[in-house]
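Counting convention: from 1, in listed order, for ligands and their atoms alike.
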Amino acid sequence: MHSPVPDYLAEVADACAVTTSGEPASYIPELATVDPDRFGVAMATVDGTLYSVGDARHEFTIQSISKAFAYGLAVRELGLEAVLTKVDVEPSGDPFDELSLEPSTGRPRNPMINAGAITTHAMIGGPDISPMGRFEAIHRLLCDLAGRELAVDDEVWRSEMTTSDRNLAIAHLLRSHGMISDSPEEVVSAYARQCAVLVTAEDLAVMAATLTNAGVQPVTGQRVFSGDQVRHLLSVMLTCGMYDSAGDWVSSVGIPAKSGVGGGIIGALPGQVGIATFSPRLDAHGNSVRGIEVFERLSRDMGLHLMEVAPPARSVVHATRVEGSGDDAVRVLELSGTIGFTGAERILRRLAEHPLEERRVAIDLSGVHALHGPARMMLLEATRRMRLDGYEVHLVDPDDVLPDPDPGDGRLLEPLPSSV
Ligand code: GLN
């Protein structure tokens, strides 16, 4: 069978290709020279499968999409608390290049607008690193995320430096508030070079999939961020990634995302897919017009909105049966599916409301794919209490979904004796 997924992506791209509104960014003169009709869409799964259509292998500059990853690097290097002292995580409702800081603290409002991105950029690599050393550290990170060596567009970099008055003004303002200490010219130059790294939509989809995959690059297997760092980064992308249209984006698309004036948008849906689009025609906020359309369609058609309410969880107690008879009879509770807090609550409620008649009980996890941390604790606590109530509790766990089954009373749960 030929997978319908690429055909579906092509259909979405065709439908959005008719849109020709918006213009490539021109405040960076070199960006105005790109072909406005280029259009590519790519999607990468958590196991590293890549689907793409159109110009998904055409290189363009990453621009502000780099801000999300550089912020992740700052958090990875310094810890969230230290980063928060200099950059807040509040959506600003302002354009990306707004010259403003939080009045009470002097902090930029979030790391996705230029003021926050220049500050996070300048935090990387410790106090003794040179400005270009900092660029190199961020460049290394971007290459690790893409799983290949990425080139830099020197023309776009130089071009941005000829028109960077606004970013220089922001950097001067930041230094006057003690948010950066290096020379504004040097910091802005290295930051603009970070924005001039060349990527394709395919690269970006894999980079997004690394976030989707809790920080592990799905193709190379390299751990780039920890799960906690990714959760924080995705939260900030969701609320601030699309600048002053972030609220619209959350309600119509609902996927943590980041756009860049090079025409790219990435979206990372936790545990599912990384998506990237490339189309240089931008709206007034600096976001790709066709890119937004693609995301809106994918979100709607494929049910990718983060707030999409999942069908109500079915009972995780798949079946119960009795093995043996008389005093030796064992009640086997067969659990199934992926068990999180809600599933565990159902099991506990059932055990609390309908005490089992048999004195011997086995919890059969053969049909369980995954047991989340809190569900594991809840299940173990239930077995501890059942033991206190006089039950003999066993565990059937051939796939080791509940390793180290210690209910906390010093006696590990044992498998069912083979005589039963
Ligand atoms: N390099 C650009 C700038 O700093 C990035 C802006 C963007 O992509 N929104 O202005």
Side-chain angles (χ1 to χ4, degrees), residues 22-34 59-71 87 91-100 108-122 131 134-135 138-139 142 150 152-174 180 184-199 201 204 207-208 236-237 240-246 249 257-267 276-289 291-292:
E23 291 301 329
S26 58
Y27 76 100
I28 299 175
E30 192 63 23
L31 289 185
T33 66
V34 301
E59 289 190 325
F60 59 98
T61 53
I62 188 167
Q63 297 299 339
S64 281
I65 298 172
S66 66
K67 294 171 179 174
F69 298 118
Y71 178 61
V87 184
S92 67
D94 286 333
F96 68 85
D97 56 356
E98 188 68 12
L99 222 157
S100 82
R109 293 204 196 262
N110 69 66
M112 303 298 162
I113 53 172
N114 289 8
I118 292 170
T119 310
T120 28
H121 169 97
R134 229 175 249 139
F135 159 75
I138 297 167
H139 183 229
L142 297 174
L150 301 171
V152 177
D153 190 326
D154 285 311
E155 294 304 310
V156 171
W157 176 45
R158 281 197 208 99
S159 177
E160 176 156 2
M161 290 314 294
T162 63
T163 57
S164 58
D165 295 323
R166 232 187 143 79
N167 281 341
L168 285 170
I170 291 172
H172 279 281
L173 184 68
L174 287 167
I180 65 172
E185 286 73 16
E186 286 184 330
V187 171
V188 169
S189 173
Y191 158 79
R193 198 163 169 78
Q194 160 194 325
C195 293
V197 170
L198 283 163
V199 286
L204 288 177
M207 293 162 91
V236 178
M237 285 167 65
C240 310
M242 302 299 275
Y243 315 120
D244 39 344
S245 70
W249 178 268
K258 185 73 205 82
S259 62
V261 292
I265 301 183
I266 59 166
T277 56
F278 165 53
S279 166
R281 294 179 187 275
L282 309 181
D283 66 12
H285 306 287
N287 298 327
S288 165
V289 180
I292 293 175

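Shortest contact from atom 4 (O) of ligand 1 to any protein heavy atom: Tyr191 OH, 2.8 Å. The protein atom (non-hydrogen) at minimum distance from atom 6 (C) of ligand 1 is Ser64 OG, 2.9 Å. Distance from atom 10 (O) of ligand 1 to its nearest protein heavy atom, with residue and atom name: Tyr27 OH, 2.6 Å. At the shortest separation from atom 1 (N) of ligand 1 among protein heavy atoms lies Gln63 OE1, 2.7 Å.
Taking a cut-off of under 4.0 Å to the non-hydrogen atoms of Cys195, the atoms of ligand 1 that pass are 1 (N). Within ligand 1, the atoms closer than 4.0 Å to a non-hydrogen atom of Gly260 are 8 (O), numbered from 1 in the order shown. Each of the following atoms of ligand 1 lies closer than 4.0 Å to a heavy atom of Tyr243: 7 (C), 9 (N). Annotation for ligand 1: atoms under 4.0 Å from non-hydrogen atoms of Phe96 are 6 (C), 9 (N), 10 (O). Of all atoms in ligand 1, listed by their number and element, those nearer than 4.0 Å to a heavy atom of Asn114 are 3 (C), 4 (O), 10 (O). Ligand-side atoms of ligand 1 in range of Asn167: 3 (C), 4 (O), 10 (O), range being under 4.0 angstrom from any heavy atom.
Using cut-offs of 30° and 60° for the angle between ring planes, the Tyr27 and Phe96 rings count as tilted.
Here the side chains of Glu98 and Asn114 are not in contact, with every heavy-atom distance at 4.5 Å or above.
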